[in-house]
Structures are given as C-alpha cells and as structure tokens.
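Since the structure comes first, as structure tokens, the remarks are kept for the end.
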Amino acid sequence: MLIPHDTRIALDTVVDLVNTAPESEPPEDGPTGGPGDGTEDGLADLAALYAFAEHHHISAVGTLGEKDLGAVRAVRSRFAEVFAAPDARTAADLVNRLVAAAGTTPQLTDHDGYDWHVHYFAPDASLSDHLAADCGMALAFIIVAGEQERLRRCEAPDCGRAFVDLSRNRSRRYCSSRTCGNRLHVAAYRARRREAGA
C-alpha cells in the first residue's frame, strides 16, 4: 500500500494522539508513569499539549489555552471512535463529521523544506481543527483505499494501544513487536516449556 509522505506523518500523529488517552494501556515492560502510558492522560495540561504539537512539528500553533486543550481531547475521543468502528461505513461517517466540523480548506503548500503537499485546514485554524482536518483526511485515505481494518488496537490483553497496520498482508497484531509481541511470544514459549516438563 503506497501512502504519501504527508499522509503517513498524519497517520503517525493520529495514532500518537489516540494513545495519549489514559485508557491506552502500556505493555507491562513498557514505560510507566509517563504521558500516554495508560496511567495518566498524556494531554493532562497545556504543557503536554505544547509538547505534543512540538514533537509532531505542527506549524503555526500560536498561543494555546484551556479551551484548546478541551477541544483537542474531544477530537482525540472522536479519533478513538474511528479506530473502534466495526465497519468502513461507520468509520467514514465518523471521519466525515470530524472533517466537516473542522471546516476543511484544502491548499497546496511547500513549507519548511517539504515538497508540495496538501494541508486540509485553514491557515488560521485552531490546533483541534488542524488535527481533525489533516488527520481526518489521512484516515479517509485509508478508508477510501478499502483498508479500514488496518486501523487497529493492540491485541495484547494488557495493552490496547492504537496503531495502523501497514504490513503487506495485514497481519500485524501488536502495537510493537519488540514489546507486546515479544512479551507474549516469550510467555507462550514458557507455558509450552512448563507443559512439556509436567
């Protein structure tokens, strides 16, 4: 599946945004006590919101307030619903509502050394509208391609973090093969050894 560079960046952003929610549980051997690790809200305050925007190189953020924080959390909840959608029609309806509410204004841009790409938000858009429009259109790309089932949650029983399965055969089951995947494979191996020894 060929995904344009700006769409891939927006997909990474939406996954990270969804995973800032407290209900996104971390793997047991993952980090604890930090933002987005399942123990607290990764967007707990304005400092965390600014850090998220900076980490994802979101341009023209401006001054943010509590209203922005609440609006971004609301967008995050809507995106979580897209990842939980049982079918493409439901996911499409959710994305359509998100993008429409953001008041999309597609325009070509080549800022910050990037080649031409499309921004779907107005130049003076709020951070929440920026995320809703750009990330919503990235999710729309996945749905239009008939790949809605690639929007997944980790199957590790104590995780549940969001991810986009970009494997060729849509076989990815865990948010990280190095943490959740490896941990479950080791647990299964140890269980087999115990059974063999019994």
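What you see is a predicted model, and the numbers here were worked out from it, not measured in a lab.
- Two residues are said to be in side-chain contact when any heavy atoms from C-beta on lie closer than 4.5 Å; Phe163 and Leu151 fail this criterion.
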Acceptor/donor pairs from residues 46-61 side chains to any protein atom, 3.5 angstrom cut, sequence neighbours excluded:
from  : atom 1 : to    : atom 2 : distance (Å)
Tyr50 : OH     : Leu64 : N      : 2.7
His56 : ND1    : Thr13 : OG1    : 3.4
His56 : NE2    : Asp16 : OD2    : 3.1

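- Proximity of Arg150 to Arg172: side-chain heavy atoms (C-beta onward) are nowhere separated by under 4.5 Å.
- If you take CG on Leu17 and OG1 on Thr20, they are separated by 5.0 Å, rounding to the nearest 0.5 Å.
- Distance alone, capped at 3.5 Å, is enough to place a donor-acceptor pair between the Arg153 side chain and the Gly160 backbone.
- For residues 60-75, the set of pairs meeting the side-chain hydrogen bond (donor to acceptor under 3.5 Å, both in side chains) definition, not counting sequence neighbours, is empty.
- Between atom CD1 of residue Ile3 and atom CZ of residue Arg8 there is a gap of 5.0 Å, rounded to the nearest 0.5 Å.
- Looking only at side-chain heavy atoms (C-beta outward), Phe79 and Leu139 come within less than 4.5 Å of each other.
- Under the 4.5 Å side-chain heavy-atom criterion for Ile, Leu, Val, Met, Phe, Trp and Tyr, Met137 and Leu108 are members of the same hydrophobic cluster.
- For the side chain to side chain donor-acceptor pair (under 3.5 Å) test, residues two or more places apart in sequence or in another chain that qualify with Arg78 are Glu81.
- Annotation: side chain of Phe83 is not in contact with side chain of Leu94 (no heavy-atom distance under 4.5 Å).
- Put simply, CD1 on Ile143 and CZ on Arg89 are 11.5 Å apart, with the number rounded to the nearest 0.5 Å.
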Take Arg76 and Asp41, measure what side-chain contact (heavy atoms from CB on, under 4.5 Å) needs, and give me the verdict at the end. CA-CA 11 Å; Arg76 174 181 69 184; Asp41 192 328; 2.8 Å; yes

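- Here the straight-line distance linking atom OG1 of Thr7 with atom CZ of Phe141 works out to 5.5 Å at 0.5 Å rounding.
- Heavy atoms only, all atoms of each residue included: Val18 and Ala162 are closest at CG1-CB, 3.7 Å.
- Between the side chain of Gln148 and the main chain of Val82, no donor-acceptor pair closer than 3.5 Å is present.
- Remark: Asn169 pairs with Ser171 by the side chain to side chain donor-acceptor pair (under 3.5 Å) rule, at least two apart or across chains.
- The shortest side-chain heavy-atom distance between Leu166 and Glu147 does not fall under the 4.5 Å cut-off.
- Between Arg152 and Asp165, at least one side-chain N (NZ, or NE/NH1/NH2) sits under 4.0 Å from a carboxylate O, which counts as a salt bridge.
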Donor-acceptor contacts under 3.5 Å from residues 128-135 side chains, at least two apart:
from   : atom 1 : to     : atom 2 : distance (Å)
Ser128 : OG     : Ser126 : OG     : 3.1
Asp134 : OD1    : Tyr120 : N      : 3.2

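- With sequence neighbours left out, Asp93 forms a salt bridge (charged side-chain N to carboxylate O under 4.0 Å, His left out) with Arg97.
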